[in-house]
Amino acid sequence: MTDLLEVNGVTKRFGGLTAVKNASFTLKKGEFTGILGPNGAGKTTLFNILTGFMQPTTGTIHFNGELVRELAPYKVVNRGMARTFQLTRPFVGMNLLENVLVACMSPRASEDKDKEARASYLLAQVGLGGRDKEPVETLPYGDLRRLEIARALATRPDLLLLDEPFAGLGSSEIEQLAQLIRRLHREENLTILLIEHKLREFMALVSRVIAMNFGEIIAVGPPEEIVKNEKVIEAYIGKTEEAHASA
Amino acid sequence: MTRTNIALLVLIACVATLPLFGDAYALRLGTMACMYAIFALSWNIVGGFAGYPSFATAAFFGLGAYTTGILMNKGVPLPLSLLGSLVLCLLLAAALGAVLLRLRGHYFAIASLSLVEVFRELVNNATDLTGGGMGLNIPLVSGSSVLSDATFFFYAMWGLLLITAIVVIAVSMSKLGFGLNCIRQNETASNMVGLNSTLYKAIAFGLSACFVGAAGGLYAAWVHYIDPSDVFDILYSVKPIVMALMGGLGSPLGVVCGAFVYLGLEEVVWRNYIQIHSGVLGVLIILLLLFLPHGLVSLHAGKIWRGLTGRKAKHV
């Protein structure tokens, strides 16, 4: 498998605060990787850097062999990297079909001759079939998440970045969405990079974990290794009493 | 094509019949009405479709007026001078838009407003070319009489309004209009689905400026004399926004209705309350906006009937 994404020494400083510190990792085509970490670990900042919403202070990002560090967000999307947001961002005043149609206008989707049919197909793919003309304002939160994924898929990405897709969802909604993400990875042969801090759902989905804390990558490996990693346990639970006593 | 767009074209077609009924005064009002409608429609591209509150209308109106005036003084015929104004405003606005439209909200509003002052100062100081504060005389393009002159400029401005309306309707139905709508809704999300929002906004700003520039050129030829304080009047930037709000933001039909109603109010108030016309006009506009927050376009026959009778309108 070839490297799809290569992140080298990426650092992001906001004045005196270092939000991301010397992050380096690679993603291979077809991989399902997750970025794990507590709130404030720098996960979303890293996503924003990858997708062009922020420029890193130092470091390089190569996507499909091309340097994408200086590119504007729309250019990053048009190179094949799509994302969803922690807070859903639908186009209010439009129906579901129109929300996905916007993304079908991107250059990567130019091969889609019948854009409406493609948008309708994607809505069906994410479990919103037959609801094309429904106004987006009426959608429950879980369905908004699905809509965001459909919109991201419409740009025909090679890499899909999902920013906390389970945030604010109930357990049944989480299970349904997890199944959808799993199916998309399998059937569409998508490379997925997922941010989440809900451990159970996260570990059941991904095949590789990048663990972060205070802006640093503290561990990389398969889920079964990461759950036993002391640094990761410490980041989530804090030091044990024995550790405190010996310190 | 939507019903409101057809209604807009029908309304503009009806305006064309004015010379059949009106005298020179009515034609002057008609020409002003067409000019205001061009302002409102043009502003609606960047303000209504893209949601960027531009105060640059006066800048491009003045620039268009001076471009036409200078070209006509150099012997260029009126149609070519107007085309020159249109192209210059289009290109300059698109270039400036690519920079200014990186700002948002109040910041963009202030930056666009500053363009008016910048252009005015440039014109004021380029005395060899523009006449500076002394103004610029423009050769007559007139016919044989006052009425034929008024008719010519009415139809010229009406023709420009028709072209503007067709372009605005085309934009609203195109990929550009769809993209601008998305940018108004959520610019971050628009970027994240691959829309080049800077390009879309620059095109919108260019289109909103070019017809205003051409209207400025026609105005200059019509009045035969222009000076910086006249054509770079800040009110030309404020009026289109008021017209759009009165008529219905984002609706081409609404903003044209808003322009016509605004001119009507302005004329009636000016005629009857000349000493306090600005205050009276302001109060009337505030009342209109209070009672019709979504503009005149939100009025339906049923609503008017219910308002007058207090009963529910029957559907037939």
Side-chain angles (χ1 to χ4, degrees), chain A residues 47-48 50-54 71-95 97-110 112 115-116 119 122 135-137 144 147-157 160-163, chain B residues 2 4 44-45 47-52 94 97-105 170-205 244 248-255 293-295 297-298:
Chain A
F47 255 36
N48 286 335
L50 294 178
T51 52
F53 281 94
M54 286 178 186
L71 296 183
Y74 78 92
K75 286 183 178 172
V76 174
V77 175
N78 295 335
R79 297 296 191 282
M81 198 191 298
R83 78 172 283 185
T84 64
F85 291 91
Q86 206 168 327
L87 297 169
T88 57
R89 298 182 181 209
F91 296 114
V92 184
M94 293 185 187
N95 61 37
L97 186 76
E98 287 166 338
N99 260 271
V100 181
L101 262 176
V102 181
C104 291
M105 285 159 48
S106 73
R108 278 181 72 86
S110 58
D112 301 323
K115 295 193 187 302
E116 284 206 16
L122 287 169
V136 78
E137 295 91 326
L144 280 174
L147 179 66
E148 278 239 313
I149 292 169
R151 204 169 60 185
L153 291 173
T155 65
R156 292 197 172 273
L160 178 62
L161 292 87
L162 302 171
D163 192 351
Chain B
T2 62
T4 54
N44 193 51
I45 299 172
F49 294 167
Y52 273 74
V99 179
L100 291 181
L101 288 154
R102 291 173 192 275
L103 300 168
R104 296 188 193 184
V171 166
S172 72
M173 293 164 67
S174 70
K175 181 180 167 179
L176 173 63
F178 192 39
L180 291 172
N181 187 15
C182 295
I183 288 164
R184 187 183 78 246
Q185 295 282 339
N186 194 325
E187 197 165 333
T188 309
S190 301
N191 279 320
M192 216 48 249
V193 293
L195 280 186
N196 182 351
S197 60
T198 305
L199 177 67
Y200 274 65
K201 291 183 295 184
I203 293 168
F205 199 54
L249 206 60
S251 160
L253 173 65
V255 298
H294 299 293
V297 82
S298 64

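Just so it is clear, the values below take in all heavy atoms, side chains as well, and ignore hydrogens, waters and symmetry mates.
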Hey, could you give me the CZ/CG distance between A:Phe91 and B:Asn181, rounded to the nearest 0.5 Å?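 If I round to the nearest 0.5 Å, the distance is 9.0 Å.
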
Please round to the nearest 0.5 Å and tell me the distance separating atom CG of A:Leu144 and atom CZ of A:Phe85.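 These two atoms lie 14.0 Å from each other.
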
In terms of heavy-atom proximity below 4.5 Å to chain A, should B:Ser190 be classed as side chain, backbone, both, or neither?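 Contact with chain A: backbone and side chain both.
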
Just so I know, are the side chains of B:Phe178 and A:Val102 near enough to count as touching, which here means a heavy-atom distance under 4.5 Å?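 B:Phe178 reaches A:Val102 side chain to side chain.
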
For a 4.5 angstrom cut-off between non-hydrogen side-chain atoms, does B:Thr188 reach A:Phe53?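 Result yes, sub-4.5 Å side-chain heavy-atom pair found.
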
Top of A:Lys75, A:Glu98, A:Met81 for chain B proximity - count of heavy-atom pairs under 4.5 angstrom: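 Highest number of heavy-atom pairs under 4.5 Å: A:Glu98.
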
What option among A:Val76, A:Thr51, A:Val92, A:Asn99 has the most heavy-atom pairs under 4.5 Å with chain B?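 Of the candidates given, the most pairs with chain B belong to A:Val92.
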
Flag the one option from B:Gly179, B:Ser197, B:Cys182 with the top tally of heavy-atom pairs under 4.5 Å to chain A.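 Most heavy-atom pairs within the cutoff with chain A belong to B:Cys182.
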
